[in-house]
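The structure displayed is predicted, hence computed values, not measured ones. What's counted below: heavy atoms across the whole structure, side chains too, no hydrogens, waters or symmetry copies.
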There are 2 protein chains.
Amino acid sequence: MASATSFPRQQPLLQLLQQTDGELSAQELHQRLRATRHSTGLATVYRVLKQLQQAGLVRCRKLPSGEAVYAPVDRDEHHLTCVQCGLIQALPLCPISSGSLGLGAVLLQGFRPLFHTFEIHGLCSRCQQHEIAGDE
Amino acid sequence: MASATSFPRQQPLLQLLQQTDGELSAQELHQRLRATRHSTGLATVYRVLKQLQQAGLVRCRKLPSGEAVYAPVDRDEHHLTCVQCGLIQALPLCPISSGSLGLGAVLLQGFRPLFHTFEIHGLCSRCQQHEIAGDE
DNA sequence: GCTAGAACGACAACCATTCTCACTCTTGGG
DNA sequence: CCCAAGAGTGAGAATGGTTGTCGTTCTAGC
Ligand SMILES: [Mn+2]
Ligand SMILES: [Mn+2]
Ligand SMILES: [Zn+2]
Ligand SMILES: [Zn+2]
């Protein structure tokens, strides 16, 4: 198998993601790798993240700020994000696993799914209160 | 109601989104508005998009390229995106409406949902074939 | 060893978005 | 009406995450 030897940066990066609770951005990964003996250029961090994504090992989502955060693909986590203050809270539910929704192959038309994102955007309870105070 | 008079840019922008099939980026909206009598600065396009989003009238998602695209909130559309070539195809299914998943208020903890994103990332059939050809 | 090609890193370039700030428009009190 | 205060706006600068460039380093295969 060529993958292990051809891309020596993949392993340390993947391990770091697995060891870490929560999601990491490319820049954070770059920083943390610098602190270890597996220091890696930022460009390569991005290259490896794309490889791991295409290999189905890592998933990725974009924060409203624009930065992308990464996690092992088996972490099936979703979020509520406030469109006003940016607060993010975990959503203890996955629409894929909970629904009887098996994503029949019919719908996928030959597409091979690797990961999914499911994010709800709205107003957190605190911003709803401010909204009432300031009119509505 | 103050909203109609206070924010005269909201109406034309919202109408443009409603008239248009598919999603539009802020830059595309800016361009198209320039062509009408409702020309609007780019900064204001972004400002109004945020207002419409917080009002629950417009939804937004980030493309893998990093740019955000907007559509009326009632368009309940999701996508399959190829992590290799970037191909996007429509996904004729919504995990919220189809599952018996009503998003019980228990799970939301006071959060008021305005819209959601649900996107599947994977390999399109064409990229799967190339992958077979180039080893695996 | 030697060479071709892949992988890599430092840095520049890119570009969507946000910030700044001077200007304009609205509005309500005098 | 007139004027001042405050909100809204637009042009352009600044920001910052990501991608591209390109010379160097590493790795396989001979
Ligand atoms: Mn899930
Ligand atoms: Mn939906
Ligand atoms: Zn909030
Ligand atoms: Zn593809």
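Annotation: of the two residues near DNA chain D, Thr44(B) and Ala68(A), the 5′-most nearest-nucleotide partner is Thr44(B). Residue Ala43(B) is the one, among Pro64(B) and Ala43(B), whose nearest nucleotide of DNA chain D lies closer to the 5' end (criterion: closest heavy atom).
Of the side-chain N and O atoms in Arg47(A), none sit less than 4.0 angstrom from OP1 or OP2 of dC8(C). Applying the 4.0 Å criterion to OP1 and OP2 of dT18(D), one finds that Tyr46(A) has a side-chain N or O inside that range.
Screening His116(A), His79(A), His78(A) for a side-chain contact (heavy atoms from CB on, under 4.5 Å) with Arg61(A), the sole residue that qualifies is His79(A).
Atom CG in Leu42(A) sits roughly 15 Å away from atom C1' in dT21(D) (whole-Å rounding). Rounded to an integer number of Å, the gap from Gln11(B) CD to dG8(D) C1' is 17 Å. Look at CZ on Phe7(A): it is 14 Å from P on dT27(D), rounded to the nearest Å. Rounded to an integer number of Å, the gap from Leu49(A) CG to dG9(C) P is 13 Å. The NZ atom of Lys50(B) sits 14 Å away from the C1' atom of dA16(C) (whole-angstrom rounding). At whole-Å resolution of the value, CG in Leu24(B) and C1' in dA16(C) are 16 Å apart. Atom CD in Glu67(A) sits roughly 13 Å away from atom P in dT18(C) (whole-Å rounding). Rounded to whole Å, atom C1' of dT18(D) lies 15 Å from atom CD of Glu28(A).
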Stepwise, does the side-chain contact (heavy atoms from CB on, under 4.5 Å) test hold for Cys127(B) with Arg112(A)?
-> CA-CA 10 Å; Cys127(B) 287; Arg112(A) 185 209 302 174; over 6 Å; no
Please lay out, stage by stage, how Phe7(A) and Arg47(A) fare under the test side-chain contact (heavy atoms from CB on, under 4.5 Å).
-> CA-CA 10 Å; Phe7(A) 300 107; Arg47(A) 282 191 281 251; over 6 Å; no
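No chain of hydrophobic side-chain contacts below 4.5 Å, direct or via other Ile, Leu, Val, Met, Phe, Trp or Tyr residues, connects Leu114(B) to Leu80(A).
Within the 4.0 angstrom heavy-atom criterion, only backbone atoms of the sugar-phosphate kind lie near Thr40(A); the bases stay farther away.
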